[in-house]
Amino acid sequence: MKLLVLPGDGIGPEITSATLDVVRKADALFKLKLDLESREIGLKSLASEGTTLPEGVMKAIRAADGVVLGPLATYDYPAKEQGGLNPSAELRIGLDLYANVRPAKSRLGVGLTGKPVDLVIYRENTEGFYADRNMFQGIGEFMPTEDMALSIRKVTARACERIARRAFEAALRRRKKVTAVHKANVLKLSDGLFLREVRKVARDFPGVELEEIIVDAMAALLLRDPMRFDVVVTENMYGDILSDEASELSGGLGLGGSINAGDEHCVAQAQHGSAPDIAGKGIANPASLILSVAMLLEWLGARHRKENLQTAAKSMEAAVDAVLKDPSGRTRDLGGKLSTRSSRRQWLRIFDRNSWARSERGVPKKSSFFASSTILPASMKMTRCATLRAKPISWVTTIMVMPSLASWTMTSSTSLIISGSSAEVGSSNSMAIGSMQSARAIATRCCWPPES
Ligand code: NAD
């Protein structure tokens, strides 16, 4: 499986290099047979080839199974005529990557406000306010006079319908709720069209609750009550802004993984930009790109029906949780002291140290181990219930057992990946399997059938 890697600008090369170490480790562990090829884009290819997106690279992108795209210093690019193409925009439009999927999950236990966050934003990715790419020819922005500038927003029924459908499908695998974010009180026609399509799609998903919220209220409610939101569907620019807010709430922009996905192609791309303020200092957090690549592997696993890709994706996500759980495993943006280079060593150590239990043999259907929920602190209980109620057992279920026992991720009924410190739960395989029984018991009891 060919993955094309485009490190990009600013902190791009630093976080891409750390991410590739983790990907290579997952490749070896799960026998993914990945073929990784790196090419230059952005300011480097502008200097060497006169364009930020060489034609040969675009050809390689189309031929690859997936793309890992580093952040880009697009604000510093010259005009298109001088070679300053925005690779992000070119890929999203050129490959019809209509869904920008941006999860926000409180990976350090709780988010910045002390409240748990577990939501995913489905952002329409091909039109909206983005005037540099929303026209067939020319751009959607112009200046009739020296002192007047106009921008056009594009909204089509087709784009709204397909992003809404992907959001409802995702909600079926989660807590079964979609929040449509709009500004139809002002943009009555365009956001009215968006809402019309969302409501139409909602009729095909009677088991999913639809909530509609005006975008300014959404910005406030996200802070007030983040767990109220499960899947959020919205247009391009609202989604861009709200996803940065949600990422910060979950711990920081350095945790913001995302994919740009269409029906044929998928590009892993962190939510943040090239972070020029810290570029070259070796302190950037690679977690955002590692999580993005995990999402890409999951997308590829579903597309090609390869369970090892999906298991690798879950294990990468679990490794992120395991590293970040310990304050000494955090980079500076998260209040820690680690450099990018030493954080990379942490990721690899977690992969090496964890026990990988892949057999279900001998796992009892029921166990009373951990049965008492009174051992859970209130915040954990909330996370646990919210997560377990949402997902049937055939889907990945993250179980927050107790702070001292870390978190557990159970993949589609066959494997359990232990994240967190293996010293606490025992590092041998037998201990891992013993613990697997407990985790399975909890999932069986709480998750299937779902709690009412
Ligand atoms: P930014 O997202 O690059 O940075 C915002 C803040 O978050 C900065 O303080 C930065 O240090 C911090 N940050 C971001 N990622 C981090 C990480 N992995 N680890 C630690 N800290 C991190 O936003 P900006 O500074 O406004 O934009 C810089 C450039 O990026 C601009 O040229 C902009 O056009 C471009 N941009 C690109 C993308 C993209 O490629 N998808 C997205 C947003 C911005």
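On a predicted model such as this, the values are computed, not experimentally measured, just so you know. Nothing fancy with the numbering, it's 1 onward along the sequence. All ligand and atom numbering here is 1-based and tracks the order in the structure.
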Criterion salt bridge (charged side-chain N to carboxylate O under 4.0 Å, His left out) on Asp216 and Lys183, from CA distance to verdict: CA-CA 8 Å; Asp216 33 336; Lys183 187 77 185 171; 3.3 Å; yes
Test log, rule salt bridge (charged side-chain N to carboxylate O under 4.0 Å, His left out), inputs Glu49 and Lys44: CA-CA 8 Å; Glu49 300 188 47; Lys44 282 197 179 137; over 6 Å; no
Asn134/Arg153 under side chain to side chain donor-acceptor pair (under 3.5 Å): CA gap, chis, key distance, verdict: CA-CA 8 Å; Asn134 65 7; Arg153 183 171 76 138; over 6 Å; no
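The N/O atoms of Tyr75, backbone and side chain alike, include one that comes under 3.5 Å of an N/O atom in ligand 1. Between Gly273 and ligand 1, a contact under 3.5 Å exists for at least one N or O pair. Considering backbone and side-chain N/O of Arg92, none are found under 3.5 Å from N/O of ligand 1. For a threshold of 3.5 Å applied to N or O pairs, the pair formed by Ser274 and ligand 1 contains at least one separation below that value. Residue Gly254 places no N or O, backbone or side chain, under 3.5 Å from any N or O of ligand 1.
Among Arg173, Lys306, Lys314, the one residue that satisfies the salt bridge (Lys or Arg N to Asp or Glu O under 4.0 Å) test with Glu298 is Lys314.
Counting heavy atoms closer than 4.0 Å to ligand 1, residue Ile283 contributes nothing at all.
Atom CD of Glu124 sits about 12.0 Å away from atom CD of Glu197, to the nearest 0.5 Å. For the atom pair CD1 (Ile163) and CD (Glu127), the distance works out to 10.5 Å, reported to the nearest 0.5 Å. The structure places CG of Leu4 at 6.0 Å from CD1 of Ile61, a figure rounded to the nearest 0.5 Å.
The protein heavy-atom contact nearest to atom 28 (C) of ligand 1 is Pro276 CD, 3.4 Å. Protein heavy atom closest to atom 40 (O) of ligand 1, with residue, atom name and distance, is Leu72 N, 3.2 Å. The closest protein non-hydrogen atom to atom 19 (N) of ligand 1 is Asn285 N, 2.9 Å. Taking atom 8 (C) of ligand 1 as the reference point, the nearest protein heavy-atom neighbour is Asp277 OD2, 3.4 Å. Closest to atom 6 (C) of ligand 1 among all protein heavy atoms lies Leu253 CD1, 4.2 Å. Looking only at heavy atoms of the protein, atom 15 (N) of ligand 1 is closest to His272 CG, 3.0 Å. With hydrogens left out, the protein atom closest to atom 34 (O) of ligand 1 is Thr74 OG1, 2.8 Å, a heavy atom.
Using a 4.0 Å threshold on non-hydrogen atoms, atom 36 (N) of ligand 1 counts as touching the protein. Counting only heavy atoms, the protein never gets under 4.0 Å from atom 24 (P) of ligand 1.
Residues Glu211 and Arg228 are paired through a salt bridge, judged by an N-O separation under 4.0 Å between the basic side chain and the carboxylate. Ionic pairing of Arg24 and Asp27 is not present here: no N-O contact between side-chain nitrogen and carboxylate oxygen is shorter than 4.0 angstrom.
A side-chain donor-acceptor contact under 3.5 Å links Asp230 to the backbone of Arg175. Glu235 contributes a side-chain N or O that, together with a main-chain N or O of Met237, makes up a donor-acceptor pair within less than 3.5 Å.
Each of the atoms 32 (O) of ligand 1 lies under 4.0 Å from some heavy atom of Ala73. Near Ile278, with a cut-off below 4.0 Å to any heavy atom, the atoms of ligand 1 are 11 (O), 20 (C), 21 (N). Below 4.0 Å from some heavy atom of Gln269 lie the following atoms of ligand 1, by number and element: 39 (C), 40 (O), 41 (N).
Residue nearest to atom 3 (O) of ligand 1, selected from Gly70, Pro87, Ala275: Ala275 (by heavy-atom distance).
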For residues 72-82, please give each side-chain donor-acceptor pair under 3.5 Å, one per line with the distance, not counting sequence neighbours.
{"from": "Tyr77", "atom 1": "OH", "to": "Asp9", "atom 2": "OD2", "distance (Å)": "2.5"}

